Amino acid sequence: MELGPIFRALMYNKSRFWLITLEVALTLAIVANCVNLLLDTRREFLRDTGLDEPNLLVISTTPFDDAFDEDDFVHALEEEDLRRLRSTPGVVDAMAIQQIPLSGGGSATGRRPIDAPPESEGTGMPYFRVSDHALQTLGVELTAGRDFAEGDFEEREEGSENELGRNVILTQAAADALFPDGGAVGQQIQNSGGEIVDVVVGVVRKMHNSWPRSEFAANGEVVMLKPGSPGSAERMRYMVRSEPGAIDSLYTEVEALMLQTQSGRVVDVQTLTEYKEDYYSDALVMIKMLTSVVVLLLVVTALGIVGLTSFSVTQRTRQIGTRRALGATRTDIVRYFLIENWMITGIGIVIGIVLTYGLNYALVQYADVPTIEWTFLIGGALAMWLTGILAAVAPALRASTVAPEIATRSV
Amino acid sequence: MINMQNIQKIYRTEHVETHALSGFNLNIGSGEFVSLMGPSGSGKTTLLNVAGLLDAFDGGSYILDGEDVSRLNDRQMSRIRNEKIGFIFQSFNLIPDLNVFDNVDVPLRYRGLAAGARRERIEEALEIVGLTSRISHYPAQLSGGQQQRVAVARAVVGTPKLILADEPTGNLDSAMANEIMDLLEKINDLGTTVVIVTHDPELATRSPRQIYLLDGRLVDLEKDERPAPLYNPVENGTADNGMSA
Ligand SMILES: Nc1ncnc2c1ncn2[C@@H]1O[C@H](COP(=O)(O)OP(=O)(O)OP(=O)(O)O)[C@@H](O)[C@H]1O
Ligand SMILES: [Mg+2]
């Protein structure tokens, strides 16, 4: 190996490498930070929602018939819709719900323990009004207390005390926010005015609310499920949990099924994933754009290395001929240029790592970007190094075709 | 040392075939010091290229140091160039990015010697050419004569049996040219065969044997037998003098 002379020659004539080195360094810094951002967004998009997301279908119906103005009509229809949905082959369970998790649109209120001092701040509490079978349909896991029972859904008499209070189920995050010391089940919680008092009867492990991208409500994990008939004259919504693999056929069937049960309404069917993709659409577009930028940048860098290496090979045609005359084989020449490139790229990568951290530091300060992990940086450096070597192969091979007789050609 | 029989060397371009060497025979014994002269375009460099395995030839046989080198692959030819031959070029051909030490080191690197052995040889070779004090200088920091002396050190560092020099003094003034000739004589005295191309009859007379090339053919004359006109390359040789297809 002739690492020493190759390195010394590079150090003597730095003009040969600083352009490629700079290119590699900048590319690494930009690509590493782009990929970091991209993976972070992707991780955020793919994080556990606590729901049986891939198997959930959302049916949203908008009535246009006057019949829907009657509360009794809506409630009766809701029960009939659910009965028919649940008896459809391929359906695990179905529920009515007034807002859609992961969709960006929802309702929130505030709650605090009943014995908390009145001036204490309550907990921001996103909530969903749900029919029975909610846990089974959503696929959330009950970890303490009990599921809703039949009595929990009964409406209280109008004008009675605590008319709007219910037995509710909280997510673990909501229970932790209200009762940091634990023991949420059985506790009473009230709204800021104190006129609504709910009782916590159960806790589920995890469920994302309507705004999982927001830091509000523990990054979307604080949820209260409140039993009651969620349908109204404006809108009736259902969620349907399908058996694995059945969602596509259900997707096409349920509209007809709904209209068959009751016409006079517009039925819109979407998967929960579609709602989520909609809510994340700008992030998903950014992922696509960043991916294209990264690929393009790598291609441009590779082409740059090919060009600059070709140029530096051409510049040294005579030197190559001389080396061949002095006993270098073709393999020696290829090896020379690959090693040289490896060093040039290596220096670029070292500088690039420093730049990457610098850029990342700035991004962490001014934007919502995580710190780059070192394992990840090693991956980026390896990719850069591989790109460099691959880009140098063609010029190095061309160098090896320089004939030894070039050495004696008069200048 | 060099035994060529009926060597053909034809340069083919799209439109012309140049018979640079045709039916060429040459015998150079071990330890000889030979000057190669002839007008421009007569094939001197071509001959040196063929003799030094820098270029393939199209016909005939070539025995170098007792070894048939007519049909060798690239790796074998590289090894012979590295171990048996030392080259000196008109424009020195030092590697500008390497210092004197690393320049002289180049052929040894391709031989895969250990660092200690290489250092010893390099210092010895630089001693011979008297440039020990310039060991860390770069070519750009040396005069032409000094550069060529480095090139001589590079040529002898691997202790080759044959030194091939193509107009080694062509870019030097006469004082420096004589210095280089002194060096080559010294190396020849140590037993190395030396073949040198020169346009300078004065320098050529310093070697015991001169060979004249004319249109790719050999006119081998002992000293004092040379016909006067061949002395002057300017009169006899322009580049296109009789050389064509
Ligand atoms: N690579 C080449 N391609 C085509 N023709 C060539 C090539 N090299 C040499 N020739 C031709 O071969 C002939 C001999 O050239 P060569 O270089 O051997 O001459 P020379 O005696 O060294 O001349 P000079 O004294 O000018 O260096 C010339 O006619 C030249 O044009
Ligand atoms: Mg010549």
Side-chain angles (χ1 to χ4, degrees), chain A residues 1-18 20 309 311-341 343-344 347 396-411, chain B residues 40 44-50 52-56 73-99 101-112 115 136 138-140 151 154-155 157-158 160 164-167 170-171 197:
Chain A
M1 280 305 214
E2 41 178 342
L3 299 182
I6 298 179
F7 186 71
R8 289 195 287 278
L10 269 182
M11 286 302 119
Y12 180 72
N13 191 346
K14 298 194 181 63
S15 70
R16 263 204 226 304
F17 77 92
W18 70 262
I20 296 184
T309 311
F311 177 66
S312 94
V313 164
T314 307
Q315 263 189 331
R316 284 181 280 180
T317 304
R318 188 177 199 79
Q319 178 187 140
I320 297 164
T322 305
R323 285 180 178 277
R324 295 277 282 129
L326 298 180
T329 60
R330 289 201 185 105
T331 320
D332 288 328
I333 300 296
V334 172
R335 190 188 299 137
Y336 184 100
F337 283 97
L338 289 185
I339 291 176
E340 187 183 78
N341 171 273
M343 288 177 178
I344 293 172
I347 298 170
L397 285 177
R398 194 168 60 77
S400 76
T401 65
V402 171
E405 48 120 356
I406 292 291
T408 55
R409 291 251 175 98
S410 33
V411 215
Chain B
S40 184
K44 302 183 295 297
T45 297
T46 305
L47 172 55
L48 229 55
N49 283 347
V50 169
L53 306 189
L54 297 180
D55 207 352
N73 64 27
D74 180 69
R75 183 167 294 276
Q76 294 164 320
M77 290 204 289
S78 298
R79 191 184 47 79
I80 292 180
R81 286 198 296 268
N82 182 256
E83 291 177 359
K84 294 195 175 173
I85 307 172
F87 290 96
I88 302 170
F89 308 97
Q90 176 172 1
S91 36
F92 324 138
N93 289 19
L94 296 181
I95 291 166
D97 301 338
L98 294 177
N99 67 18
F101 182 92
D102 281 332
N103 259 290
V104 178
D105 195 18
V106 170
L108 299 184
R109 290 274 180 172
Y110 294 124
R111 202 179 288 194
S136 318
Y138 283 84
R154 184 178 65 184
V157 74
L164 298 175
D166 193 0
E167 300 187 43
N171 287 355
V197 171

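The model shown is predicted, which means the values in this text are computed figures rather than measured ones. In the text below, chain A, chain B and the rest are named by the order of the sequence lines, each starting its count at 1.
No side-chain heavy atom of B/Arg109 sits under 4.5 Å from any side-chain heavy atom of A/Asp332. The shortest distance between side-chain heavy atoms of A/Thr322 and B/Arg154 falls below 4.5 Å.
Legend: residues meeting ring pair (Phe, Tyr, Trp, His ring centres under 6.0 Å) with A/Phe311, ordered by chain and number and at least two apart, are absent. In this view, A/Phe17 satisfies the ring pair (Phe, Tyr, Trp, His ring centres under 6.0 Å) rule with no residue, not counting sequence neighbours.
For a residue to count as touching a neighbouring chain, one of its non-hydrogen atoms must lie under 4.5 Å from one of that chain's; by this rule A/Ala328 touches chain B with backbone and side chain alike. If you measure heavy-atom distances from B/Pro96 to chain A, the contacts under 4.5 Å come from both the backbone and the side chain.
Among all heavy-atom pairs drawn from B/Leu98 and A/Pro5, the shortest one is CD2-O, 3.5 Å.
Taken from CZ in A/Arg324 to OH in B/Tyr110, the straight-line distance is 9.5 Å, to the nearest 0.5 Å. Rounded to the nearest 0.5 Å, atoms CD1 (B/Ile95) and CZ (A/Arg323) are 3.5 Å apart. To the nearest 0.5 Å, atoms CZ (A/Arg318) and CZ (B/Phe89) are separated by 8.5 Å.
Remark: the A/Thr408 side chain and the B/Asp166 side chain contain no N/O donor-acceptor pair separated by less than 3.5 Å.
Residue A/Pro404 is tested with B/Asn49, B/Leu54, B/Leu53, B/Asp74 for a side-chain contact (heavy atoms from CB on, under 4.5 Å); the sole match is B/Leu54.
Side-chain atoms of B/Asn93 come within 3.5 Å of backbone atoms of A/Ala407 as a donor-acceptor pair (strictly under, hydrogens ignored).
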